[in-house]
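Working notes, structure below.
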Protein chains: 2
Amino acid sequence: MGRTQARGRSGRRRGAPDTRGEILAAARAEFGERGYDGATMRGIARAAAVDPALVHHYFGTKEKLFLAAMEIPFDPVIISERIADTTSTMGIGERAIRTFLGVWGDPVGRAPILAMLRSAMRHEAAATLLRQFITRVVLGRVLVAFESMPDGALRAEAMVSHLVGLAIVRYVVKLEPIASVSDEELIALVAPVLQRYFDGGLPPSPG
Amino acid sequence: MGRTQARGRSGRRRGAPDTRGEILAAARAEFGERGYDGATMRGIARAAAVDPALVHHYFGTKEKLFLAAMEIPFDPVIISERIADTTSTMGIGERAIRTFLGVWGDPVGRAPILAMLRSAMRHEAAATLLRQFITRVVLGRVLVAFESMPDGALRAEAMVSHLVGLAIVRYVVKLEPIASVSDEELIALVAPVLQRYFDGGLPPSPG
DNA sequence: CGGCAGATTCACCGAATGGTGAATTGCCGG
DNA sequence: CCGGCAATTCACCATTCGGTGAATCTGCCG
């Protein structure tokens, strides 16, 4: 066999196919599924039914493609503001888990974060990226709700860490029954627990 | 330069060095640090100051070495029994987080689980492995405490997922301040929240 | 209709990886 | 002191990966 699906003739294809977009979509999927190192240029090219060199033609290097794939697909600002929105009648626990499920429920929104998460498992650099992402984009907004209380940062991070764990157990490891349970059921279970990080009593002073 | 630290002469080394053990230790470290795919035979060999072929000589294939590296180093049965131990005066939340910190605090105990976690991020097979590990080794024991209540499995998994998230945020992403806070402080914060999964009110019947 | 620019593929490269087989060296039992 | 076995290394292989440079084909602008 040749090296790609669309093999044979070289040159421009008929019509006006959004090849660049297809590559980007394939890249998002592959990066999300396998992480930075796990995904390969060739694999992405194959998924996009395109010659590997074309991927380089459009995006230059793998790293640039990765960065391009991490862009756009959801607006983290809106998201984190929804979490911090104090006008809502919901507790911050429920707002957090609802927002979380909203983002992770959509495969398109899930892919880039999954990619960052998977990559952070192996690259110190990616871990740093994820750390900054959490700190600036997520925590930065959540923190305003916690800022007036002692150990605010710690509590906020504990809350976020639970969400991170949920993401992994539910979407990566796919542990049953938690992977298949409905959103509402999960919210009912988790929201009050998360909420406790916000209005729970101060820890019985350690030491 | 040659291809390894201990280069130059071939043949058996003097004395009775536990080379096999050193390779295994190096493998545990590398697998723990980089996951299954991230770690390389050559890297492990380099870390053990040994020729790559020697690694194959002792363990055959990379997969066998991985399995060998995952063995032994902690006794999960004892651990999970400690969690489930109903004679303790501690709540199950505190027992869980204490046991968790006990395992993860020790780099030797941490390495294999970290390796499984990192690998599960990319290999469906590893994810299955981790799923079984959690199900059989951890959840199996914790579940006895939950078995009499509705949604017992779900609650237990929610609890475990928080611990997974803590592991990642604290030991992989190293988010501050949660990465540096003392064990006792973390216990004081997290234990009561976890406990709520056990004795918290039933969720307002879904549907 | 001519030609340029862009889209697409082909044919490579150098490096790294998992793995193999044979050679060399040292230890230990007879 | 000798012979065999285990420990250790060397020299390779096939594969894959990211990346490059040139060739080819086609749509579109003048």
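Every chain is numbered from 1, with letters handed out A, B, ... down the list of sequences.
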[Y] and [X], any side-chain heavy atoms less than 4.5 Å apart:
X: B:Leu189; Y: A:Asp151; value: no
X: A:His162; Y: B:Val193; value: no
X: A:Ile178; Y: B:Val160; value: no
X: A:Val190; Y: B:Tyr197; value: yes

Please tabulate, for side-chain N and O atoms in residues 56-67 of chain A, each donor-acceptor pair with protein atoms closer than 3.5 Å (sequence neighbours left out).
{"from": "A:Thr61", "atom 1": "OG1", "to": "A:Glu63", "atom 2": "N", "distance (Å)": "3.1"}
{"from": "A:Lys62", "atom 1": "NZ", "to": "A:Tyr36", "atom 2": "O", "distance (Å)": "3.0"}
{"from": "A:Lys62", "atom 1": "NZ", "to": "A:Ala39", "atom 2": "O", "distance (Å)": "2.8"}

Using whole Å, report how far [atom1] of [X] lies from [atom2] of [N].
X: A:Asp51; N: D:dG19; atom1: CG; atom2: C1'; answer: 12 Å
X: B:Leu54; N: C:dG21; atom1: CG; atom2: P; answer: 17 Å
X: A:His57; N: D:dA23; atom1: NE2; atom2: C1'; answer: 14 Å
X: A:Glu22; N: C:dA7; atom1: CD; atom2: P; answer: 14 Å

Could you pull out the protein-nucleic contacts involving nucleotides 15-18 of chain C (nitrogen or oxygen on both sides, under 3.5 Å)?
{"from": "C:dG18", "atom 1": "OP1", "to": "B:Lys62", "atom 2": "NZ", "distance (Å)": "3.0"}
{"from": "C:dG18", "atom 1": "OP2", "to": "B:Met41", "atom 2": "N", "distance (Å)": "3.0"}
{"from": "C:dG18", "atom 1": "N7", "to": "B:Arg42", "atom 2": "NH1", "distance (Å)": "2.4"}
{"from": "C:dG18", "atom 1": "O6", "to": "B:Arg42", "atom 2": "NH2", "distance (Å)": "3.3"}

*Does the side chain of A:Tyr58 get closer than 4.0 angstrom to OP1 or OP2 of C:dG6 through an N or O atom?*
no
_B:Glu94: salt bridge (charged side-chain N to carboxylate O under 4.0 Å, His left out) partners, not counting sequence neighbours_ = B:Arg98
